[in-house]
2 protein chains.
Amino acid sequence: MSPSQSTGYHHGNLRTALIDAATELLGREGNAALTLRAAARVAGVSQAAPYKHFSDKRALLAAVAERGYTELHHRCELVAGTTREPHTRLQRLGEAYVRFALENPALFRLMFSAELGSMADHPGLAAAAARAHGLMEDAVRQLVPPSTLETACAGTWSVVHGLACLLLEGRIRLPTGGESQLIHQVTASFVDGLMPDA
Amino acid sequence: MSPSQSTGYHHGNLRTALIDAATELLGREGNAALTLRAAARVAGVSQAAPYKHFSDKRALLAAVAERGYTELHHRCELVAGTTREPHTRLQRLGEAYVRFALENPALFRLMFSAELGSMADHPGLAAAAARAHGLMEDAVRQLVPPSTLETACAGTWSVVHGLACLLLEGRIRLPTGGESQLIHQVTASFVDGLMPDA
DNA sequence: GGCCTTAAGTTAACGCCGTCAACATTTGAA
DNA sequence: TTCAAATGTTGACGGCGTTAACTTAAGGCC
């Protein structure tokens with residue numbers, strides 16, 4: 001019998017079920033609909049049950065965000081694994097980052113929300129975020145001299161993150177060619193600018 | 001007698017007082033402390049009074065955000081007015097943007113928060129945001145050919161916005177030299193990369 | 001100056017939220 | 001088998017956004 005089977009009174013795997021429920025609520029109805037009570041309702045337990053598995057609401061949010069970082073990391077790994085050439089690889093990584101954000105708007109917002117509090121309070125979340133970030137750092141390392149690595153890395157992450165945020169909130173007027181082309185052009189021209197001399 | 005004088009029962013200028021109160025709460029205690037009831041308490045009126053001036057909480061948030069965009073625009077104007085050389089001007093604009101974000105973290109988050117809903121619901125907010133954005137667009141126009149303006153503009157905004165967000169949420173490990181130097185280097189190297197040929 | 005519409009306040013209530021204390025049930029190890 | 005610990009339940013608290021119903025002050029009109 002799987003550990004996720006319910007036995008009537010005891011749920012079996014409520015922690016995971018709550019993260020599932022929260023993720024679903026976030027994806028389907030947005031951040032405002034993601035409440036502890038709603039997650040409990042979806043999971044079919046009482047309002048206070050989540051407190052046996054999460055110290056407070058932020059702990060559940062952190063678990064959802066952690067799953068988001070893991071998924072982002074997974075997608076980036078796929079892209080990195082199928083692209084050898086360093087410029088192209090970094091550029092595709094950037095595109096994958098932005099695409100992930102646009103496909104999971106509420107989740108992406110949560111992953112960078114101040115609601116989560118300090119990363120220090122959620123070690124698992126910090127680790128998952130660091131793994132995702134590490135992929136990009138590796139790709140940058142193959143393009144720039146070590147002396148400029150930190151700046152180049154911060155710059156790369158900033159462009160893709162900023163582009164994701166601005167598109168997500170509808171702050172950028174889309175040019176002819178649409179979203180995909182803008183993403184391609186912005187990431188491509190940034191990666192070109194990274195090279196010491198063109 | 002100024003229109004902001006209270007006459008006992010009637011406040012005199014409650015709308016402005018509520019925006020003041022909300023801005024203060026946001027700055028001193030953060031987003032979570034910014035509630036309609038708290039703003040009303042600070043302004044010294046009852047919990048329902050704000051509804052005579054704002055249709056709902058989001059309308060108050062939009063007014064606060066609008067003020068934020070106006071202040072950001074003001075700061076950027078000062079920088080743009082005192083820097084003639086186009087590269088330097090754009091770079092300083094970027095630095096000013098990031099500095100504004102770091103000095104007003106909660107306000108900056110609100111200005112780009114999905115809580116505000118669509119910009120179409122808040123024309124004043126949209127206009128204030130467009131003015132601030134326009135300054136940057138002008139600076140970019142002096143650096144790149146018209147054919148790449150849109151991409152360059154999106155890229156520029158993305159870097160500075162992304163850098164602001166990541167620093168704000170403590171996601172970037174600070175190199176030796178600290179925040180200011182990182183901001184300077186990232187913006188400078190991006191502006192350098194903008195030029196058609198170095 | 002008195003009247004009366006209306007803008008701008010008030011109080012009281014509704015349902016929802018996060019959270020906690022007190023209690024109930026199930027599980028598994030001694 | 002017994003009993004402690006883990007995992008559930010109910011019911012309550014205060015705070016939130018929001019609304020309805022009521023009260024007060026301001027300002028134009030005769």
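So you know, we letter chains A, B, ... as the sequences are listed, proteins then strands, and number each from 1.
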* Structure fact -> To the nearest angstrom, the CG-C1' distance between B/Leu14 and D/dA25 comes to 15 Å

* Residues A/Arg109, B/Glu115: salt bridge by 4.0 Å N-O rule -> no

* Asked: Would you say C/dG18 has OP1 or OP2 under 4.0 Å from some side-chain N or O of A/Thr35?
  -> yes

* Please report, rounded to the nearest Å, how far the C1' atom of D/dG15 is from the CG atom of B/Leu34. => 15 Å

* Asked: Roughly how many Å is it from CG in B/Leu18 to P in D/dG17, rounded to a whole number?
  -> 12 Å

* Between A/Gly44 and A/Arg37, which has a closest nucleotide on DNA chain D that is more 5'? -> A/Gly44

* To do: Establish, with yes or no, whether the OP1 or OP2 oxygen of D/dA6 is under 4.0 angstrom from a side-chain nitrogen or oxygen of A/Arg15.
  => no

* Exam field: side chain A/Ser158 to backbone A/Ala154, donor-acceptor pair closer than 3.5 Å -> yes

* Asked: Centroid-to-centroid, B/Phe100 to B/His73, below 6.0 Å?
  -> no

* Check DNA chain C against residues 47-58 of chain B and give the residues with a non-hydrogen atom under 4.0 Å, in numerical order. => B/Gln47, B/Ala48, B/Ala49, B/Lys52, B/His53

* Validation row: A/Thr23, A/Leu34 side chains within 4.5 angstrom (heavy atoms) -> no

* In terms of side-chain geometry, is the basic nitrogen of B/Arg99 or B/Glu179 positioned less than 4.0 Å from the acidic oxygen of its partner? -> no

* Gap between atoms CG and C1', on B/Leu60 and D/dG17 respectively (whole Å) -> 12 Å

* Protein-nucleotide distance (A/Glu29, atom CD; C/dC17, atom P), rounded to Å -> 11 Å

* Asked: Ignoring hydrogens and geometry, is there a side-chain-to-backbone donor-acceptor pair from B/Glu85 to B/His87 under 3.5 Å?
  -> yes

